[in-house]
There are 2 protein chains.
Amino acid sequence: MVVEQLDAPDPEEVIEAAKAAFRDGAMLTVQARCEGEYEGRTSGYLGPGDRILVAKPDGTFLVHQPTGHKPVNWMPGGGTVSPRLSEGGAARGAAEESSGDEPRVAVLLARRTNPSERVEARILDAHGLTRFDASDGASYEESGTEAEMHEYIEQNPAVLEEGLRIVEHERETKYGFIDFFARDADGVPVVVEVKRIQATLNHFDQLQRYVSLYEESEASPRGGGVTAGNEEVRGLLVAPSASERVRRALRDNDLEFVELGEFGTDAKGATEAKLTDF
Amino acid sequence: MVVEQLDAPDPEEVIEAAKAAFRDGAMLTVQARCEGEYEGRTSGYLGPGDRILVAKPDGTFLVHQPTGHKPVNWMPGGGTVSPRLSEGGAARGAAEESSGDEPRVAVLLARRTNPSERVEARILDAHGLTRFDASDGASYEESGTEAEMHEYIEQNPAVLEEGLRIVEHERETKYGFIDFFARDADGVPVVVEVKRIQATLNHFDQLQRYVSLYEESEASPRGGGVTAGNEEVRGLLVAPSASERVRRALRDNDLEFVELGEFGTDAKGATEAKLTDF
DNA sequence: CGTGCCAGGTGCCAT
DNA sequence: ATGGCACTTGGCACG
């Protein structure tokens, strides 16, 4: 049996099922009305409502509200999720609990260290529970990444500029990594920063950091010359597009923008994915 | 009935349940062996394996493998998820499908525009399905955010430096937003960038951008003076910590680092959360 | 709607 | 472990 479902389990059943699932390395899904609490890098509280809880064998824990892409609360893998029975009432403070005979509720507590943090979900009403003995050996294969864009540029530096010669890829410098260090047709050094998406001000920042570094570090060994020699380093920001703010920032700082989109589909045999389009 | 569970539903049942759930604005969870495919900002493929699929009424769609915090495939809200029956076989290419009498499989297709992208999950074997008519009016309340750190600094500018006076919060400039614009005890202008976490090179970049901008924009109206007057602007990066690289970058560019952690727990009545510590 | 920027960012890979 | 950086980043706030 790959899955095992419980309908409206009581707290004890939730705890039992959760313990068994974690013991056996199964995934657990619970549909429930619950409260949530997080304490760690920040802290927060989520009042009662209907959510889906997911616990994975690697310690991952997710609390999903009915809307939104991100879990409202979560714990990355590496820690542990421990189920336990607790007194009813709000997670907020014990003061609200008046009498001692409140109904017991199931609690899922996810913890980890480094950073030290915890998520607690108090299951006020479990509507459904599913245990899933999942087995998955596949891993996601992606293409169209910036790494591929780098390869494409390295193979076809002329798409950036005629006569450009790539000297080094991922050059490490005192302040960070330059995507490409190159020289133009006249031998002038060129620092290249590549972005797969529309360029932002932070991307401009990066390029500016690398270029000003280069100016410094290469100018200093000259010694004698005052602000000598090598203002002649160029900076290229390569991206499919850029906002006007970014273009102006580049211009004002004597940096250049190279528009490059649809890499890999230009020169080579392209027009392939168009068939499954609609 | 808040939840409705199906055990090992056949493809037709999956489609029916999915249609009904989407029509009624319910959340859908499916435990299944499936393939995944994404096409949009990049493209990618995920071979067969056991995963949990979650579809929300707002168009959110998630594919979760047995490990990892992030869904392996997903679609943010705003689009639509549409269920449909399709021929069996790999999503990879129609060429692999030899005969026409393959078993039909249920497919969940999530799409949106702007950006145009789609995720397709081909459900090869549905182990379990749960429909959840969830109702959740609560929203997450968080504290310890950078916004609160800003408030704290605005109330207690002396924690940054004795005699510092905050002039403006969130000042907009030509290239972006300065967290604080201030003046020190001598009236010298100070640009302040605040980070809640360990400072990174990008954070240094931001501060550097704002400072050099200030130097420019204030120097130009002076007109006559050659590189006149106002090199005298200071830049402060405020964060709980910073790597050595960042500290050096700051030093080399005549910017300053102010270590500030545990904001709000210093001056005020603190030592509160320590009780629920273990 | 785009632009800028924070996020409990997360994940990957390097030293 | 720490650091630098991309990410189908997502999300919010503001012009």
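All heavy atoms count here, side chains included; hydrogens, waters and symmetry mates do not. Order of the sequence lines fixes the chain letters, A, B, ..., with proteins taken first and strands second; residue numbering starts at 1 for each chain.
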Engineer: Under 4.0 Å, heavy atoms only, any strand: does A:Tyr210 hit a base, just the sugar-phosphate, or nothing?
Structural biologist: sugar-phosphate
Engineer: State whether A:Ser243 places a side-chain N or O below 4.0 Å from either non-bridging phosphate oxygen (OP1 or OP2) of C:dG4.
Structural biologist: yes
Engineer: Measure the distance from CD on A:Glu244 to P on C:dC1 and round it to the nearest whole Å.
Structural biologist: 22 Å
Engineer: Looking at every strand, decide which applies to A:Glu170 at a 4.0 Å heavy-atom threshold: base, sugar-phosphate, or nothing.
Structural biologist: nothing
Engineer: Side chains of A:Leu46 and A:Tyr38: closer than 4.5 Å at any heavy-atom pair?
Structural biologist: no
Engineer: Within this structure, what is the CD-to-C1' distance between B:Glu146 and D:dC12, rounded to whole angstrom?
Structural biologist: 13 Å
Engineer: Looking at A:Tyr175, does the NZ or CZ of A:Arg209 lie under 6.0 angstrom from its six-membered ring centre and within 45 degrees of the ring axis?
Structural biologist: no
Engineer: Would you compute the distance between atom CD of B:Glu256 and atom CG of B:Leu160 and round it to the nearest 0.5 angstrom?
Structural biologist: 11.0 Å
Engineer: When you compare D:dC14 with C:dG8, how far apart are their C1' atoms, in angstrom units rounded to a whole number?
Structural biologist: 24 Å
Engineer: By nearest heavy atom, map A:Glu117 and A:Thr200 onto DNA chain C; which one lands nearer the 5' end?
Structural biologist: A:Thr200
Engineer: Mind calculating the distance between CD1 (B:Ile197) and C1' (D:dG4) to the nearest angstrom?
Structural biologist: 13 Å
Engineer: Using atom CZ of B:Arg247 as one end and atom C1' of D:dG4 as the other, report the distance to the nearest whole Å.
Structural biologist: 17 Å
Engineer: Determine the contact category for A:Tyr38: base if any of its heavy atoms lies under 4.0 Å from a base atom, sugar-phosphate if only primed atoms, P, OP1 or OP2 are that close, otherwise nothing.
Structural biologist: base
Engineer: When all nucleic acid strands are considered with a 4.0 Å heavy-atom cut-off, which category describes A:Tyr140: base, sugar-phosphate, or nothing?
Structural biologist: base
Engineer: May I have the distance from A:Arg41 (atom CZ) to C:dC6 (atom C1'), rounded to whole angstrom?
Structural biologist: 14 Å
Engineer: Is a salt bridge present between A:Arg41 and B:Glu142, judged by a nitrogen-to-oxygen distance below 4.0 Å?
Structural biologist: no
Engineer: Find the distance B:Glu142:CD to D:dC12:P and express it as a whole number of Å.
Structural biologist: 12 Å
Engineer: Under a plain distance cut-off of 3.5 Å, with no hydrogens placed, do A:Asp58 and A:Thr60 share a side-chain donor-acceptor pair?
Structural biologist: yes
Engineer: Nearest whole angstrom, please: distance from the C1' of D:dC5 to the CD of A:Glu172.
Structural biologist: 13 Å
Engineer: Contacts to DNA chain D from residues 66-77 of chain A, heavy-atom cutoff under 4.0 Å, which residues?
Structural biologist: A:His69, A:Lys70
Engineer: Are any of B:Asn114's side-chain N or O atoms less than 4.0 Å away from OP1 or OP2 of C:dG2?
Structural biologist: yes
Engineer: Which of these, A:Gln65, A:His64, A:His69, sits in a side chain to side chain donor-acceptor pair (under 3.5 Å) with B:Lys56?
Structural biologist: A:His64
Engineer: Ignoring hydrogens, what is the shortest heavy-atom contact between B:Val192 and B:Ile178? Give both atom names and the distance.
Structural biologist: O-CG2, 4.0 Å
Engineer: Base, sugar-phosphate or nothing for A:Gly176? Non-hydrogen atoms, less than 4.0 Å.
Structural biologist: sugar-phosphate
Engineer: Starting at the 5' end of DNA chain D, which residue's closest nucleotide do you reach first, A:Phe177 or B:Arg112?
Structural biologist: A:Phe177
Engineer: Are OP1 or OP2 of D:dC5 and a side-chain N or O of A:Arg209 less than 4.0 angstrom apart?
Structural biologist: yes
Engineer: Rounded to the nearest Å, what distance is computed from the NE2 atom of residue A:His169 to the C1' atom of nucleotide D:dG4?
Structural biologist: 15 Å
Engineer: Salt bridge check, B:Arg84 against B:Glu120: does any charged N sit closer than 4.0 Å to a carboxylate O?
Structural biologist: no
Engineer: Remember a base hit wins even if backbone is also touched, and classify B:Gln198 as base, sugar-phosphate or nothing at under 4.0 Å, heavy atoms.
Structural biologist: sugar-phosphate
Engineer: Is there a side-chain contact between A:Gln206 and the phosphate of D:dA6, meaning an N or O under 4.0 Å from OP1 or OP2?
Structural biologist: yes
Engineer: Roughly how many Å apart are C:dC5 and D:dT8, using the P atom of each and rounding to a whole number?
Structural biologist: 22 Å
Engineer: Using the side-chain heavy atoms of B:Thr145, tell me which of these nucleotides is nearest: C:dA7, C:dG4, D:dT8.
Structural biologist: C:dA7
